[in-house]
S.K.: 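The structure under discussion is supplied below as C-alpha cells; questions concerning it will follow.
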2 protein chains.
Amino acid sequence: MSAQYKITNTIKTLRFFANEMTQQELASKVGVTRQTIMAIEKGKYSPSLEVAFKIALVFGRPFDEVFAYEKITD
Amino acid sequence: MSAQYKITNTIKTLRFFANEMTQQELASKVGVTRQTIMAIEKGKYSPSLEVAFKIALVFGRPFDEVFAYEKITD
DNA sequence: CTGAAATGTATGATATATTTAACATTGAGT
DNA sequence: ACTCAATGTTAAATATATCATACATTTCAG
C-alpha cells in the first residue's frame with residue numbers, strides 16, 4: 001500500500017533546553033491545557049496547525065525544527 | 001492585547017503551478033473531500049497538522065512554503 | 001526517607017475539523 | 001447563448017482535538 005507517515009515532535013527536548021520549562025508553563029504560554037501538551041508530546045493525536053504554530057513560536061524555533069512528518073514504511 | 005496571528009497558505013497558487021490541479025484532484029491525493037480543501041484555501045478554519053503535512057507532500061514543497069503563521073497586529 | 005512538584009493516565013464534556021449531500025455561481029470553450 | 005466542469009456555499013452528521021477534573025506515578029530536593 002501507499003507509504004505510511006507519522007508526525008513527530010521535539011517538544012520534550014525543546015522544553016529541556018528552554019531552562020527546563022514544565023509542561024504546565026508551556027501549556028500556559030501556548031494557551032492550551034497541560035493535558036494537550038502531554039497528548040501531543042506522547043503522540044496520542046496530532047495537534048491543530050494553530051496549536052503547532054504557537055508551540056514553535058513559544059520556543060522561537062522554525063516550525064520544522066519542532067514538527068516533522070516522517071515516513072515509517074513504503 | 002497580545003499579538004494576533006493568522007494562518008495563511010499558498011494552496012491556490014500551488015495548484016495553479018501544478019498544472020492547474022483542481023480542488024477535487026488535490027483532495028483525492030490528500031485523502032480528504034473537496035469541501036475540506038475549499039475551507040482551508042478560504043481560511044474558514046485551520047486544518048489538522050496531519051492534513052497540512054499531506055498537502056505540502058502532494059505539492060512536493062517544504063512545509064513553510066505552503067503554510068505560514070503571520071502576525072496581523074501587535 | 002518524605003513530601004511536594006512534575007509527569008502520566010483515564011474519562012466524560014465541549015469545541016472544532018471533516019464528511020456528506022445538495023444546490024448555486026462562475027468561467028472557459030464551442 | 002449554452003453547456004459542462006470547476007468553484008463556492010450551506011446545513012446536518014460524524015470524527016477528532018481540546019478541556020476539565022480527578023487520581024496515580026515518578027522524581028528529586030531537603
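Naming convention: chains lettered A, B, ... in sequence-line order (proteins, then strands); numbering from 1 in each chain.
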S.K.: First and last nucleotide of DNA chain C in contact with chain B, 5' to 3', at under 4.0 Å to a heavy atom: what are they?
M.R.: C/dA17 to C/dA22

S.K.: Do A/Asn19 side-chain atoms and A/Met21 backbone N/O form a donor-acceptor pair below 3.5 Å?
M.R.: no

S.K.: Closer than 4.0 Å, any side-chain N/O of A/Ser48 to the OP1 or OP2 of D/dT18?
M.R.: yes

S.K.: Does A/Gln35 have a side-chain nitrogen or oxygen under 4.0 Å from the phosphate oxygens OP1 or OP2 of D/dA22?
M.R.: no

S.K.: Measure from CD1 on B/Ile11 to P on D/dG8 and round the result to the nearest Å.
M.R.: 12 Å

S.K.: Quick check: does any side chain N or O of B/Thr10 sit under 3.5 Å from a backbone N or O of B/Thr13, one acting as donor and the other as acceptor?
M.R.: no

S.K.: Between A/Gln24 (CD) and D/dA20 (C1'), how many Å, whole number?
M.R.: 13 Å

S.K.: Using atom CD of B/Gln23 as one end and atom C1' of D/dT9 as the other, report the distance to the nearest whole Å.
M.R.: 12 Å

S.K.: Please check this pair: side chain of B/Asp64 against backbone of A/Asp64, looking for a donor-acceptor N/O pair closer than 3.5 Å.
M.R.: no

S.K.: Do B/Glu41 side-chain atoms and B/Met38 backbone N/O form a donor-acceptor pair below 3.5 Å?
M.R.: no

S.K.: Mind calculating the distance between CD (B/Glu50) and C1' (D/dA15) to the nearest angstrom?
M.R.: 13 Å

S.K.: Of the candidate nucleotides D/dA6, D/dG8, D/dT18, which contains the atom at the shortest distance from the side chain of B/Glu41?
M.R.: D/dG8

S.K.: Checking side-chain contact (heavy atoms from CB on, under 4.5 Å) between A/Phe59 and each of A/Lys54, A/Glu65, A/Arg15, which is the one that passes?
M.R.: A/Arg15

S.K.: Measure from the side-chain N and O atoms of B/Ser28 to the backbone N and O of B/Gln24, and report whether any donor-acceptor pair falls under 3.5 Å.
M.R.: yes

S.K.: When all nucleic acid strands are considered with a 4.0 Å heavy-atom cut-off, which category describes A/Lys44: base, sugar-phosphate, or nothing?
M.R.: nothing

S.K.: Scan B/Thr33 against the nucleic acid and name what it touches under 4.0 Å (heavy atoms): base, sugar-phosphate only, or nothing.
M.R.: base

S.K.: Rounded to the Å, how far apart are A/Leu49 CG and D/dT16 P?
M.R.: 18 Å

S.K.: To the nearest Å, give me how far apart OH (B/Tyr45) and C1' (D/dT16) are.
M.R.: 12 Å

S.K.: So does B/Lys42 get a side-chain nitrogen or oxygen closer than 4.0 Å to the phosphate oxygens (OP1/OP2) of D/dT9?
M.R.: yes

S.K.: Hey, are the side chains of B/Phe53 and A/Phe67 touching, using non-hydrogen atoms and a 4.5 Å cut-off?
M.R.: yes

S.K.: Nearest-Å distance, CZ (A/Arg34) to P (D/dA22)?
M.R.: 14 Å

S.K.: Rounded to whole Å, please give me the gap between CD in B/Glu20 and P in D/dA6.
M.R.: 11 Å

